[in-house]
Amino acid sequence: MRASVDRAPDRSRADETGSHIYSMYGIVSAMTYSVAVAGCTGYAGGELLRLLLQHPDVTIGALTGNSSVGDSLGLHQPHLAPLADRIVVPTTAEELAGHDVVFLALPHGTSAAIAEQLGDDVLIVDAGADFRLKEAGQWEKFYGSPHAGTWPYGLPELPGARAAIAGSKRVAVPGCYPTATTLALLPAVAAGLVDASQISVVAASGLSGAGKSLKPNLLGSEAMGNMSPYGVGGMHRHTPEIVQNLSGVTDAPVNVSFTPLLAPMPRGILATCSAPVAEGVTTAAAREAYASHYEGEPFVDLLPEGVWPQTAAVVGSNRVTVQVVVDETAGRLIAISAIDNLTKGTAGGAVQSMNLALGLPETTGLSAVGVAP
């Protein structure tokens, strides 16, 4: 529901809940959407709130949690100064009701129960995995619970995705690894530049991708100065999501060997993807296909030849950097991408999808400018 917000004429200010209103004189009317964030104390929830505080068309309503109920948000998200005094309330349908938009930043398998209690008139953007996969068998294999269904998939760069998201009241945000990997490989698979049945992906992620849960391998003393693989041998939950995305742009069979790595950095994903290259495909031809495919995309940058993606260049931004080359000796195409796993990989993708669903300009509240050093 749109709401008209009037501000006093005495000074210029930015409303602490995200509706930015600037006025020196007179009354300014701003049209806003009310949003709630479930799971506000986690990394994804915190990043959502950071972005929403900069969004000109929203006001931030209920902030919900579980074990943090009754705490001030500042105890868990000290960087969100404008919201520091807000109190975390229980994650219930009652607390989330009445908002125009509800973001669910909850553990996998828990979004469906909340979503089914909310009305069809509210836009729900799920940052969890509950509604990403189309095949019930794949969900049950990797997540071990009944499949809740499939929602429009919140990766606007996929063919047909923008049309599916526009006007929808339900959006499933992609996983961070599938976002990085899909955007690295999408033009190559769509144009038939590679044998998609022999894709290999090795992707390194910052520790925030594992969430805030206390695990020995995520302690600073264990992670600093160390890289380690996990989910090896086709065991990672994001594998079927990557296959699903790439299968949508080709009639050829798609098979992905995916090896994720934990890297000693807070944020970011660097995905190195390769596959046997089709006969006659050169680096120049591959770059031409990528440039054509991503022309006009606001958040995907094909880097100049010889310049390689790096995670530090995209920190805090919704930007994806991509590079592609053909290894003629090995006969393989190599595509590398870098994203911030918390921004484009989660919260930024969620806000981008919200904008499309509400009919707002897609880039509203999002930046392609990173933070360095």
With R237 via salt bridge (charged side-chain N to carboxylate O under 4.0 Å, His left out) - residues at least two apart:
none
Residues 271-280 vs side-chain hydrogen bond (donor to acceptor under 3.5 Å, both in side chains), sequence neighbours excluded, gives S274-R332
Would you say M235 has more than 12 foreign heavy atoms packed within less than 6.0 Å of its CE?
no
I'd like to know if the side chain of Y294 and the backbone of L183 have a donor-acceptor N/O pair within less than 3.5 Å.
yes
Would you say S292's side chain and A289's backbone share a donor-acceptor pair under 3.5 angstrom?
no
Can you run down the side-chain hydrogen bond (donor to acceptor under 3.5 Å, both in side chains) pairs that involve residues 106-120, sequence neighbours left out, and say none if there aren't any?
S111-D126
Does V125 share a hydrophobic cluster with V351, counting links as ILVMFWY side-chain heavy atoms below 4.5 Å and allowing steps through other members?
yes
How close do P156 and Q352 get, counting heavy atoms only, and between which atoms?
CG-NE2, 3.6 Å
Is there a side-chain contact (heavy atoms from CB on, under 4.5 Å) between L133 and Y143? Walk through the geometry before answering.
CA-CA 11 Å; L133 295 180; Y143 293 91; 4.2 Å; yes
Derivation of the side-chain contact (heavy atoms from CB on, under 4.5 Å) call for R267 and N341:
CA-CA 6 Å; R267 308 163 71 120; N341 59 296; 3.8 Å; yes
Is the backbone of V101 close enough, under 3.5 Å, to the side chain of H99 for a donor and an acceptor to pair up by distance?
no
For E297, check side-chain hydrogen bond (donor to acceptor under 3.5 Å, both in side chains) against everything at least two apart and list the hits.
R162
Check: P178 and N245 side chains under 4.5 Å, non-hydrogen atoms:
yes
Treating R170 as the side-chain partner and V122 as the backbone partner, does any N or O pair qualify as donor plus acceptor under 3.5 Å?
yes
In terms of hydrophobic clusters joined by side-chain contacts under 4.5 Å, are L246 and V320 together?
yes
Just to verify, what does T321 make a side-chain hydrogen bond (donor to acceptor under 3.5 Å, both in side chains) with, not counting sequence neighbours?
none
With E241, which residues qualify under salt bridge (charged side-chain N to carboxylate O under 4.0 Å, His left out), at least two apart?
R132
Grab the two heavy atoms, one from A148 and one from A112, that are nearest each other, plus how far apart they are.
CB-CB, 3.6 Å
I'd like to check T282 versus V326 (side-chain heavy atoms, cut-off strictly below 4.5 Å). Are they in contact?
no
Backbone of A184 reached by a side-chain donor or acceptor of Y290 within 3.5 Å
yes
Just by distance, do the side chain of W139 and the backbone of P146 share a donor-acceptor pair under 3.5 Å?
yes
Write down the atom of A44, the atom of T346, and the distance for their closest heavy-atom approach.
CB-CG2, 3.7 Å
hydrophobic_cluster_shared for I336 and V194, side chain cutoff 4.5 Å
no
How close do L48 and A350 get, counting heavy atoms only, and between which atoms?
CD2-CB, 4.0 Å
Heavy-atom neighbours of K169 NZ exceed 12 at 6.0 Å
yes
side-chain contact (heavy atoms from CB on, under 4.5 Å) partners for A223, two or more places apart:
L207
Between the side chain of N318 and the main-chain N/O of S367, is any donor-acceptor distance below 3.5 Å?
no
Check: G42 main-chain N/O paired with Q77 side-chain donor or acceptor under 3.5 Å
yes
Residue list, side-chain contact (heavy atoms from CB on, under 4.5 Å) with V201, at least two apart or on another chain
T181, L185, I199, A203, V256, F258, C273
Is L358 close to M354 at the side-chain level, that is, under 4.5 Å between some pair of heavy atoms?
yes
side-chain hydrogen bond (donor to acceptor under 3.5 Å, both in side chains) filter on R287, not counting sequence neighbours, yields Q323
Atom of T311, atom of A338 and distance for their closest heavy-atom approach:
N-CB, 4.2 Å
Within the side chain of N355, is there an N or O that forms a donor-acceptor pair under 3.5 Å with the backbone of T364?
yes
Side-chain heavy atoms of R50 within contact of L80, under 4.5 Å
yes
Tell me every residue that passes side-chain hydrogen bond (donor to acceptor under 3.5 Å, both in side chains) with Y230, counting only those two or more places apart in sequence or in another chain.
Y177
Shared hydrophobic cluster for L106 and L63 (ILVMFWY, side-chain gaps under 4.5 Å):
no
Shortest non-hydrogen contact from L186 to P159?
CD2-CD, 4.3 Å
Tell me, do L52 and F103 make a side-chain contact under 4.5 Å, heavy atoms counted?
yes
Could you give me the CA-CA distance, side-chain angles and deciding distance for T283 and E305, then say whether side-chain contact (heavy atoms from CB on, under 4.5 Å) is met?
CA-CA 9 Å; T283 294; E305 190 167 3; 4.1 Å; yes
Looking at side-chain heavy atoms only, is the closest gap between S317 and K344 below 4.5 Å?
no
Can you confirm whether more than 12 heavy atoms, excluding those of E140, are under 6.0 Å from its CD atom?
yes
Under 3.5 Å, is there a donor-acceptor pair between the side chain of S337 and the main chain of A180?
yes
Going hydrophobic residue to hydrophobic residue with side-chain gaps under 4.5 angstrom, can you get from L96 over to V35?
no
According to salt bridge (charged side-chain N to carboxylate O under 4.0 Å, His left out), who are the partners of D301, at least two apart in sequence or on a separate chain?
R319
Check whether any side-chain heavy atom of T64 sits under 4.5 Å from a side-chain heavy atom of T92, and report yes or no.
no
Run the side-chain donor-acceptor check on residues 67-76: report pairs under 3.5 Å with partners two or more places apart or on a different chain.
unit_1: D71; atom_1: OD2; unit_2: H76; atom_2: NE2; d: 2.8

